[in-house]
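I have a structure I would like to understand better, so I am pasting it below and will then ask my questions one at a time.
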Amino acid sequence: MYWSKLYAPTLKESPSDADIKSAELLIRGGFIRKSASGVFSYLPLGTRVLQKITQIVREEMNIAGAQELLMPIMQPAEIWKTTGRWDDYGPEMMKFRDRNDREFTLGPTHEEMITTLVKDELRSYKQLPVNLYQINTKYRDEIRPRFGLLRGREFIMKDAYSFHTSPESLDQTYKDMYNAYSRICDRMNMKYVAVEADTGTIGGSNSHEFTAFAESGESDILVCEKCGYSATQEKAECSDDQKSADEPLKTLTLVETPNVRTVDELAKFLKIEKDKIVKSMVFTGKNGYVMALIRGDLEINIPKLKSYLGDQTLRFATAEEVFEKFSSQIGYIGPIGVKAVRIVSDNSVKNLKNYVVGGLKNEYHYINVNHERDYKINEYTDIRIVVDGDKCPKCGSPLKLKKGIEVGQVFKLGTKYSEKLSATYVDSDGSEKYYVMGCYGWGVSRTMAAVVEQFHDEKGIIWPKAIAPFEVVVTIVNTAMQDQVRVGHEIHEMLEKHEIEVLLDDRDVSAGFKFKDADLIGIPLRITCGKSLENGDIELKLRNSDKSSKIKIEDRDSVLRSVKTLLENYKL
Ligand code: ATP
Ligand code: MG
């Protein structure tokens with residue numbers, strides 16, 4: 001490929017709206033262009049990278065026994081209404097009507113679509129298990145589309161769905177897909193961890209997220225370096241570290257606490273530690289109001305609470321809702337005297353004595369509160385956010401909080417979708433049974449940005465060889481020098497003949513400009529045809545190293561050998 005013909009408009013300056021390094025470098029390098037918030041075009045260089053990522057994902061899916069198909073992006077509303085997700089999925093779903101006023105969505109995911117697709121024809125236990133996947137565009141009207149390809153509103157995903165007769169069969173495919181995901185990461189040299197994850201709106205029993213380590217990532221993960229336990233912060237379990245006091249119960253007293261609303265203000269006002277306070281937070285969901293209690297020095301983990309209550313629609317009640325329900329401002333809410341509201345407490349409250357709660361009356365708090373005596377807690381569970389330094393739930397060592405980018409997720413769905421969509425097969429005993437299902441998503445376009453987040457320097461991108469748009473760039477330093485032009489073309493031709501992907505920089509621009517561009521677009525190996533040709537030498541330099549080496553141009557076989565060896569040993 002001749003760079004003079006390549007459509008790869010590079011930019012010297014960073015675009016003003018590039019809010020993360022990968023977006024800056026992919027735009028400056030001429031890989032992508034933004035068309036609207038969270039919506040991008042892939043230029044030829046970007047398309048080449050995308051195709052390589054796609055191919056790796058495809059190969060690993062095929063090895064895992066999944067079969068590729070392609071489903072429509074445009075999906076009828078009815079199937080989503082049947083599962084209840086037309087409403088539950090929320091405003092992230094892009095909805096529209098056709099000319100006949102029928103409702104559709106641009107699919108954010110395809111569980112409804114695929115289950116409806118197969119249910120009339122995947123009828124016998126003999127046909128199962130089956131694992132089907134597609135690589136397709138997805139639409140999600142994200143609240144905050146940002147970070148370039150990392151959080152788009154239109155993006156490319158590989159999504160696979162498996163159908164089984166038993167949980168054991170699902171376990172096997174789940175394991176195969178988990179291994180396939182690990183190999184995808186390895187082939188791109190990604191630094192990653194597979195962590196236990198919350199199942200969110202997708203639902204199901206079991207899930208892992210594949211997270212690429214990156215300081216810029218939006219995923220918070222907790223990792224135990226001692227025993228290997230790792231989980232997303234949403235999911236991370238808390239080891240029991242209840243504080244308890246061996247003290248006699250004191251007299252419950254309502255005290256005036258004017259203008260004191262937050263835990264910090266209250267601790268200061270009463271001159272006590274925050275762990276002597278119990279916070280009461282009010283949520284509302286599909287089954288009405290829920291009051292959640294937690295020790296004052298800890299925070300409530302909303303995804304854990306949602307998953308405990310089995311209600312993904314749960315949200316904080318607004319100040320107005322709280323006032324209407326409890327006749328008290330949010331800062332003075334407490335559990336004493338509350339009626340007909342479900343109270344769920346974090347385990348941290350269980351052994352506390354003589355603590356402080358809101359008075360359920362403006363400007364008042366109760367002190368010396370003791371549950372059982374003063375009010376009842378019927379449900380204890382783990383709903384707290386685990387933070388850096390907390391104890392590992394498996395081995396007790398301190399957990400480390402790290403940042404990452406979720407590139408893939410695998411879920412055991414069980415019969416959640418098959419039940420709602422009445423999707424059954426006939427078992428060997430003649431009875432109708434619901435499919436046991438799994439689903440497996442991989443962010444193809446997000447991967448491109450995640451890799452750049454991991455592999456770049458101040459000059460530009462450093463692509464891992466497996467997904468670099470070209471393996472080699474041959475730079476003709478001065479196009480006015482006949483020798484340099486001739487040798488550059490000869491090497492280009494020779495490498496192409498040996499199926500090495502090579503880009504010849506034959507542009508009539510300054511040498512500095514060419515070197516800068518080559519570094520920016522991150523090709524693993526640069527061959528320079530410049531001044532050293534006077535001594536019969538060309539120069540070889542790897543993108544991830546400062547050193548270069550010279551070799552004689554005369555012996556073509558040895559040039560080819562050197563190029564192949566360097567590429568083979570390229571540590572990315
Ligand atoms: P996130 O938590 O980052 O919003 P998700 O859990 O909603 O992601 P899934 O439904 O599991 O995502 O989708 C499968 C994969 O699709 C994700 O692991 C991620 O790599 C990718 N993906 C999800 N949302 C986006 C997006 N807005 N832009 C780009 N890729 C995305
Ligand atoms: Mg996810």
Side-chain angles (χ1 to χ4, degrees), residues 19-20 22-23 26 32 34 36-40 42 46 50 53-54 56-57 61 85 88-94 106-114 133-161 177-178 180-182 184-185 188 190 192-204 206-212 214 216-221 231-235 302-303 306-307 312 403-413 417 438-453:
D19 49 3
I20 197 166
S22 56
L26 289 169
I32 58 170
K34 181 162 136 183
S37 171
V39 183
F40 291 86
Y42 300 90
L50 205 56
I53 297 171
T54 306
I56 290 175
V57 172
M61 286 300 103
R85 286 210 296 179
D88 282 3
Y89 211 97
E92 259 191 37
M93 242 171 121
M94 303 255 195
L106 295 178
T109 176
H110 275 69
E111 285 82 9
E112 282 80 356
M113 189 73 223
I114 192 136
Y133 76 97
Q134 64 173 344
I135 296 168
N136 208 346
T137 305
K138 294 277 185 282
Y139 292 85
R140 292 184 186 178
D141 201 358
E142 300 272 0
I143 314 180
R144 277 184 295 276
R146 55 181 174 169
F147 302 151
L149 299 182
L150 288 177
R151 188 163 297 284
R153 294 194 296 164
E154 175 182 286
F155 59 97
I156 301 171
M157 195 203 286
K158 183 285 301 171
D159 45 327
Y161 307 86
M177 295 299 269
Y178 182 105
Y181 277 22
S182 307
I184 293 170
C185 292
M188 291 187 279
M190 202 183 259
Y192 75 99
V193 60
V195 298
E196 286 181 22
D198 182 60
T199 50
T201 45
I202 304 266
N206 216 326
S207 178
H208 282 88
E209 273 178 23
F210 283 72
T211 307
S216 53
E218 290 185 283
S219 297
D220 294 304
I221 49 180
T232 60
Q233 197 173 36
E234 291 177 346
K235 167 84 182 177
I302 298 170
K306 281 182 175 176
S307 126
Q312 289 298 324
K403 290 274 178 195
I405 299 165
E406 177 198 324
V407 284
Q409 187 162 14
V410 290
F411 296 88
K412 288 185 190 170
L413 294 173
Y417 289 91
C439 80
Y440 320 88
W442 184 276
V444 174
S445 47
R446 181 181 280 187
T447 300
M448 184 163 156
V451 167
V452 177
E453 285 300 319

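Atoms considered below: every heavy atom in the structure, side chains included; atoms not considered: hydrogens, waters and symmetry mates. When a ligand or atom number is given, it counts from 1 through the structure's own listing order.
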Item to check | E111 with R85: basic N within carboxylate O range, under 4.0 Å | outcome: yes

Checklist entry - Mind checking whether V407 has an N or O less than 3.5 Å away from an N or O of ligand 1? => result yes

Next on the checklist: Taking a cutoff of less than 4.0 Å between a non-hydrogen atom of the residue and any ligand atom, is I156 in contact with ligand 1?
Outcome noted: no

Checklist entry - Distance-only, no hydrogens or angles: does the Y161 side chain make a donor-acceptor pair with backbone N or O of Y440 under 3.5 Å? => result no

Next on the checklist: In this structure, does ligand 1 have an atom that sits under 4.0 Å from one of the heavy atoms of L150?
Outcome noted: yes

Item to check | I156 vs Y42 side-chain heavy atoms within contact, under 4.5 Å | outcome: yes

Checklist outcome for this item: The answer for which part of E142 has a heavy atom under 4.0 Å from ligand 1 is side chain

Checklist entry - Side-chain contact, heavy-atom cut-off 4.5 Å: F155 with Y139? => result no

Item to check | Contact check: R151 vs ligand 1, nitrogen or oxygen atoms, below 3.5 angstrom | outcome: yes

Checklist outcome for this item: atom 15 (C) of ligand 1: of G443, G38, A449, the nearest heavy atom sits on G443

Checklist entry - Out of K158, R140, Q409, R153, whose heavy atom is nearest to atom 12 (O) of ligand 1? => result R140

Item to check | From the candidates Y139, F210, F155, the one that places a heavy atom nearest atom 30 (N) of ligand 1 | outcome: F155

Checklist entry - Is the shortest distance from a Lys or Arg side-chain nitrogen in E142 or R153 to a carboxylate oxygen in the other one below 4.0 Å? => result no

Next on the checklist: Using a strict threshold of under 4.0 Å (side-chain N to carboxylate O), is an ion pair present between D159 and K138?
Outcome noted: yes

Next on the checklist: Give the atom numbers and elements of ligand 1 that come within less than 4.0 Å of a heavy atom of G408.
Outcome noted: 18 (O)

Checklist entry - Judged by modelled atom types alone, do E209 and S207 share a side-chain donor-acceptor pair under 3.5 Å? => result no

Checklist entry - V451 versus M190: any side-chain heavy-atom pair under 4.5 Å? => result yes

Checklist outcome for this item: Contact region, T109 to ligand 1, non-hydrogen atoms below 4.0 Å, reads neither

Checklist entry - Counting heavy atoms only, which part of M157 comes closer than 4.0 Å to ligand 1: side chain, backbone, both or neither? => result side chain

Next on the checklist: If only side-chain N and O atoms count, and only distance matters, is there a donor-acceptor pair under 3.5 Å linking E453 with S216?
Outcome noted: yes

Checklist entry - Quick one: does ligand 1 sit under 4.0 Å from the side chain of D159, the backbone, both or neither, non-hydrogen atoms only? => result neither

Next on the checklist: Show the nearest heavy-atom pair for residues A160 and Y133, with the distance to one decimal.
Outcome noted: CB-CB, 3.6 Å

Next on the checklist: Heavy atoms only, cut-off 4.0 Å: how does R446 contact ligand 1, side chain, backbone, both, or neither?
Outcome noted: side chain

Checklist entry - Would you say S445 has any N or O atom under 3.5 Å from an N or O of ligand 1, going by distance alone? => result no

Checklist entry - What are the atoms of ligand 1, with element, lying closer than 4.0 Å to any heavy atom of L149? => result 29 (C)

